**Student:** 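First the structure, then my questions, so here it is.
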Amino acid sequence: MQENVNSFKLSNKQSSIQIYKDVLSNIISSFSGNMLSYGISLMILATTHSALSFGINMLINPISDILFVVPVSNIVDKFNHKKILIFCSIIRIFSLLTYLGIIYKMNNTSIICSTIIFLIIISVTDNTSSTAYSASVHELVNNESIKKLDSLSQAATAFSSVFSPVVGISLYSLIGINGFIIIEIISNTLSLIILFSMKFFIIKRKNTDNKIFSMSQFKNGLIYIYKHKSIKMIFSLSLIINLLFTALTIGIPFVMIHEINIGNIPVGILDTITAIGMLSGSLLASVLKLNKNINYLIILLLELIGFSIIGLGIILHFKSLTAVTLIGSTMMFFIGCFLAIINIIVQLHIQKNVSNEMLGRTFSTLNTLNNPTEPIGILLFSFLFQYIQNGSNIILSIGIIFSLYVFVMFKFINSAFITK
């Protein structure tokens, strides 16, 4: 697998300007997007009085990803990335304006239907934009700045995850869903202006099939992925880690609230600390050297995640508010931090080693395989935590099994990522 190298000369100063623009755009769009998602969930809850309100995105995103994986993959690998991002932004703004214009005129049933259609459009455009962005890093910065771009972009997303729920809760009762939509329109417009100001250096790619629904072109991408050990390993590890994180998302609140009865506040603290850990890990990754010996670093971080989960499972046995809050927060901080660093390593590895003609199909396939693991994991672990007594033992067992898995897979993970 040969490393991608930019064919144009771009100074570190020029790259830094591009990075700052990207981070600013990312903070604006992700912050307002998270608030809007929260606001829509509250609106649907008030309309239907159903718990489904907070799971609707979780259902729509995997389904739309699976249905549109072929065209999204082919579009990103075929067309100009900046034009794709601009087109998706315009579609989002138009959809928001339309949604804002019709939502207050509808009855409850119509609101649900129009909201689902709106969320499908947003899901498809977000997926396309995310894939196009991940595949375009070589067009934005020089090779030395790719890690900084990935790290700070992920840090911006983590920052939004920490603070957007707090702001969303405070503002929803004041401005309602209409106010959130207006904020999202303004944010998307600002992000679009920033996008127009960014310079994308076009990289020549080989001619491919012009048909965006071409299965043969998509199959070529799957064959390409299958032939590379590191990419296959990334796919398998991503599935396992996503399933693992879903288990914690379901299990920790259940154990803390229903089994050891220490209330909702410690759950919120652990969630916030996890996001802060991911923010810290993203910032730490921007200064770490991640070019050599990534095979050993990935194995070490995976084992540390496993040990942190074991520590979390042990501390939950003590049923102490102070111990669970303090030590549990420490464990979740480490888990969030290590996951963020692994994510940067993986993304950087794909961007530097997958050919430009295949980046869209690689990232789109990775996203499509990962997203369905969340609803599957929720169904699986909801059943386990509901019907197996002492959920802390389940969390402890998950940590032990994951650590043993990494130990057993040491040879395969090492050989997949070994740098020559």
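Numbers for residues simply follow the sequence, beginning at 1. Please read all numbers here as calculations on a predicted model, not as lab measurements.
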**Student:** Evaluate whether atom NZ of K232 has more than 12 neighbouring non-hydrogen atoms of other residues, nucleotides or ligands under 6.0 angstrom away.
**Tutor:** yes

**Student:** Test of understanding: with side chain to side chain contact (heavy atoms under 4.5 Å, CB included), list the residues that count as partners of T365, not counting sequence neighbours.
**Tutor:** F218, L222, I225, F235, L369

**Student:** Going by distance alone, is a donor N or O of one side chain under 3.5 Å from an acceptor N or O of the other, for T362 and Y224?
**Tutor:** no

**Student:** Using the test side chain to side chain contact (heavy atoms under 4.5 Å, CB included), find all partners of S397 that sit at least two apart in sequence or belong to another chain.
**Tutor:** none

**Student:** Can you find a side-chain donor-acceptor pair between N34 and S160 that sits under 3.5 Å?
**Tutor:** no

**Student:** Under 30°, 30 to 60°, or over 60°: which ring-plane class applies to F385 and F381, parallel, tilted or perpendicular?
**Tutor:** tilted

**Student:** Between the side chains of D126 and S129, does any donor sit under 3.5 Å from an acceptor?
**Tutor:** no

**Student:** Looking only at side chains, do N393 and H317 share a donor and an acceptor under 3.5 Å apart?
**Tutor:** yes

**Student:** Check the pair I181 / L97 against side-chain contact (heavy atoms from CB on, under 4.5 Å), numbers first and verdict last.
**Tutor:** CA-CA 8 Å; I181 297 173; L97 288 169; over 6 Å; no

**Student:** Can you tell me if D22 and Q18 form a side-chain donor-acceptor pair at under 3.5 Å?
**Tutor:** no

**Student:** Measuring from atom OG of S236 to atom CD1 of I241, what distance do you get when rounded to the nearest 0.5 angstrom?
**Tutor:** 9.0 Å

**Student:** Any chance the side chains of E139 and H81 put a donor and an acceptor closer than 3.5 Å?
**Tutor:** yes

**Student:** Is any side-chain heavy atom of I350 closer than 4.5 Å to one of L366?
**Tutor:** yes

**Student:** Answer with yes or no whether the side chains of S286 and S151 bring together a donor and an acceptor at under 3.5 Å.
**Tutor:** no

